Protein chains: 2
Amino acid sequence: MTALSLLISGGLFYPGEHMNSSDELLAVRAAELYYDEGRTQDEIGAVLHITRWKVGRLLAQARTAGIVRIEIVHPRARRVLAEQAVKKRYGLNDIVVASSAGVSSPDELQRRVAQAAADYLTGLRPAPQTLGVSWGRTMHDVAACLPRGWAHGVGVVQINGGLSLTKTGDTASATALVIAQKAAGSAHVLPIPAILEHTATKRSIERDRAIAGVLDRAAHAEAYLFSAGVAGDDSALVHSGYLSTAEVAGLVRKGAVGDVVGRFIGADGAPVDAELDSRTVGLPLERIKASDTAIAVVAGEGKHAVARALVTNGLCTVLITDDLTAAALLDDAAAEETISECAS
Amino acid sequence: MTALSLLISGGLFYPGEHMNSSDELLAVRAAELYYDEGRTQDEIGAVLHITRWKVGRLLAQARTAGIVRIEIVHPRARRVLAEQAVKKRYGLNDIVVASSAGVSSPDELQRRVAQAAADYLTGLRPAPQTLGVSWGRTMHDVAACLPRGWAHGVGVVQINGGLSLTKTGDTASATALVIAQKAAGSAHVLPIPAILEHTATKRSIERDRAIAGVLDRAAHAEAYLFSAGVAGDDSALVHSGYLSTAEVAGLVRKGAVGDVVGRFIGADGAPVDAELDSRTVGLPLERIKASDTAIAVVAGEGKHAVARALVTNGLCTVLITDDLTAAALLDDAAAEETISECAS
DNA sequence: CAGTCATCCGCTCATCTGAGCATTCCGAGG
DNA sequence: CCTCGGAATGCTCAGATGAGCGGATGACTG
């Protein structure tokens, strides 16, 4: 058992760590009497023929050894220890790590993280005047989880294009709209594609008065809230029809670990394909990097690599994620692996 | 969630039970600060802007609601609450319920229960002068788990025949021998078949001077330690070659839920097949029923029904089992089911 | 609208518990 | 054999905590 897994999971017992075996049995017995039966340490001492101080020490040892595991099982539960560790290690301004205790499906975990993001946004003080948002499955969930009146009069700006080529109805703009509506604020949407075929087209679209106005607003937003996507067939950009699975596979070969506001980045946090990036409409990553409040919402097993890319390269100041991702971020072995994979 | 599952598993959280939703969130937050961060209730009160008494109440509610789950994860851990519930409900003299927390295989659970039985036997005071034992996979494990010197000079008597027809080496007698050896005592074995083809043969075997002596000793043993087997293809009596799978299937049709010291019983605790029973060598169930100390060791999912038969019919005074079996014994719905199955 | 009841809240007080310290125990080494 | 050092033990004491109580609050009823 690593100290890490203890930090995250609350600790699976692994025998023979710091305790003499007869003390170990006593500790188990004491823990049963204390936590299950609710006896006092004094009573337990009488039963086990030891002093109450020894009982206290055994209980403390039982907790550190992982014999006694205390878990907070609730959809809104957070992992405070993991939060502190990740925050400190990557120098974040703030962090929320949602607990996966008791989740039965990846979807449920995703929802929990979305809820955590909504809670974070609701509690954010001072509330931002203007908030730049991206779109996607995660952002959609965040918008859904936000309570009506989460803020008052926030200007919500869509920071990257997201008109779906495959589905009818603009779910990308809808996300920004919902977030704005629930804060009794105004939305500024970008009803344009995420990626265009030619750089020239992208340039001319950006010159459009209305579009340029929104992009300018986006560039001056006080805070950003965005998610990240996987680099794979499940990418939202593949589902929306902007990229083929072959194209994404090509990006992966170039080292892509996922996309952030429509731009595919490598482990170094920079776009892996300059040409593709030049055809992508939306806020440049530099702007997010320079922001004082860049809130990244990243959940799920497939996003560990992109989460790492975000936090190691200053692409977010606030991270909202799940405990498994947090564990991956704290796991040095996994870090080495990513690096070696990139090297190879 | 039933109160039962809470009792056994330590409680999976099921939202909205006795708490107002804003208190629920406060409780979660308080639990995080208290159990994960180790803050005092006073500090938590300051952070959450509530009094320390409210914090204490929230924490108490969080525990009863199952938001905070405290689990003792250790091979030797017991389930004290479940023990009390089962003991009271079935009027047992004593009980041990081993925890299945963290087990990865049915084998591991079986071993834990065997270990628990060995621990119980070791701690039994006064130690019995003579101990009647059965045989089987479970009993073999119990014998293996017993520490050298678990008692001093106990007479161990095999209470039912168990000469295997399929394997070489008498594992049944070996079990009794090991238990006796480890107590620096003497063993009295029954190197005879468990079930004979004709009642007459059984009678004549019983008349044999040596056999009769052992059986007489068995009948006068101070305590009994035995396991129970499933009524199915996995029965030890099938593996040993005494019964065919077809014969066992026939017994099941007659309502057999399992075997105890070689005798197949129904939910009523009585042999389901009088003829078969008359060909079975060993202590009659009445003797065990009349004993002051009859320790049954029953573990595993397949043995819930036979465990129920044992405890409902006074076939044991002490039960050593796992928490899942205990849960089944406390589950009234399951009880109804068994009864209706028997009726149909 | 007043009365009733249940609930929630903050408080007192007794108890429980953990931190810190002196003492004892035990094995290693002289 | 004695001495030493480290660990385990038992104790003091202050701080933390839970049980129980009376008052406030708010919903429901006649």
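Note on naming: letters A, B, ... go to the chains in the order of the sequence lines (proteins, then strands), and numbering restarts at 1 for each one. Computed from a prediction, not measured in an experiment: that's the story for all the values here.
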Can you measure from CZ (A:Arg76) to CZ (A:Arg112) and round to the nearest 0.5 angstrom?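 One finds 11.0 Å between CZ of A:Arg76 and CZ of A:Arg112.
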
State the CG-CG distance between B:Leu319 and B:Asn93, to the nearest 0.5 angstrom.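 Those atoms lie 12.0 Å apart.
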
Interface limits on DNA chain D, where chain B has a heavy atom under 4.0 Å of a nucleotide atom: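 So the outermost contacting nucleotides come out as D:dA16 to D:dG20.
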
Which letters describe nucleotides 18-24 of chain C, given B = protein heavy atom under 4.0 Å from base, S = only from sugar-phosphate, - = neither? BB-----

Tell me every residue that passes side chain to side chain donor-acceptor pair (under 3.5 Å) with B:Glu83, counting only those two or more places apart in sequence or in another chain.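 In terms of side chain to side chain donor-acceptor pair (under 3.5 Å), with neighbours along the sequence ignored, B:Glu83 is linked to B:Arg78.
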
Do side-chain atoms of A:Lys182 reach the backbone of A:Ala143 as a donor and acceptor pair under 3.5 angstrom?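 Between the backbone of A:Ala143 and the side chain of A:Lys182 there is a qualifying donor-acceptor contact (under 3.5 Å).
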
Which salt bridge (Lys or Arg N to Asp or Glu O under 4.0 Å) pairs, counting each pair once, include a residue from residues 141-151 of chain B, with sequence neighbours left out?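 Every salt bridge (Lys or Arg N to Asp or Glu O under 4.0 Å) pair that includes a residue of residues 141-151 of chain B, provided the two are not neighbours, is B:Arg137-B:Asp141.
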
Non-neighbouring partners of B:Leu177 that pass side-chain contact (heavy atoms from CB on, under 4.5 Å), sequence neighbours left out: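 Checked B:Leu177 against side-chain contact (heavy atoms from CB on, under 4.5 Å); matches are B:Ala187, B:Val189.
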
Nearest-Å distance, CD (A:Gln61) to P (C:dT17)?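 Atom-to-atom, A:Gln61 to C:dT17, this comes out as 17 Å.
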
Expressed as a whole number of angstroms, how long is the span from A:Lys54:NZ to C:dT17:C1'?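 Going from NZ in A:Lys54 over to C1' in C:dT17 covers 18 Å.
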
Among pairs that include at least one residue of residues 95-109 of chain A, which meet side-chain hydrogen bond (donor to acceptor under 3.5 Å, both in side chains), considering only residues two or more places apart or in two chains?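 Residue pairs with at least one partner in residues 95-109 of chain A: A:Ser100-A:Asp323, A:Ser104-A:Glu108.
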
Using the rule side-chain contact (heavy atoms from CB on, under 4.5 Å), only one of B:Val318, B:Leu124, B:Val133 pairs with B:Leu225; which is it?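 Per the side-chain contact (heavy atoms from CB on, under 4.5 Å) rule, the option paired with B:Leu225 is B:Val133, out of B:Val318, B:Leu124, B:Val133.
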
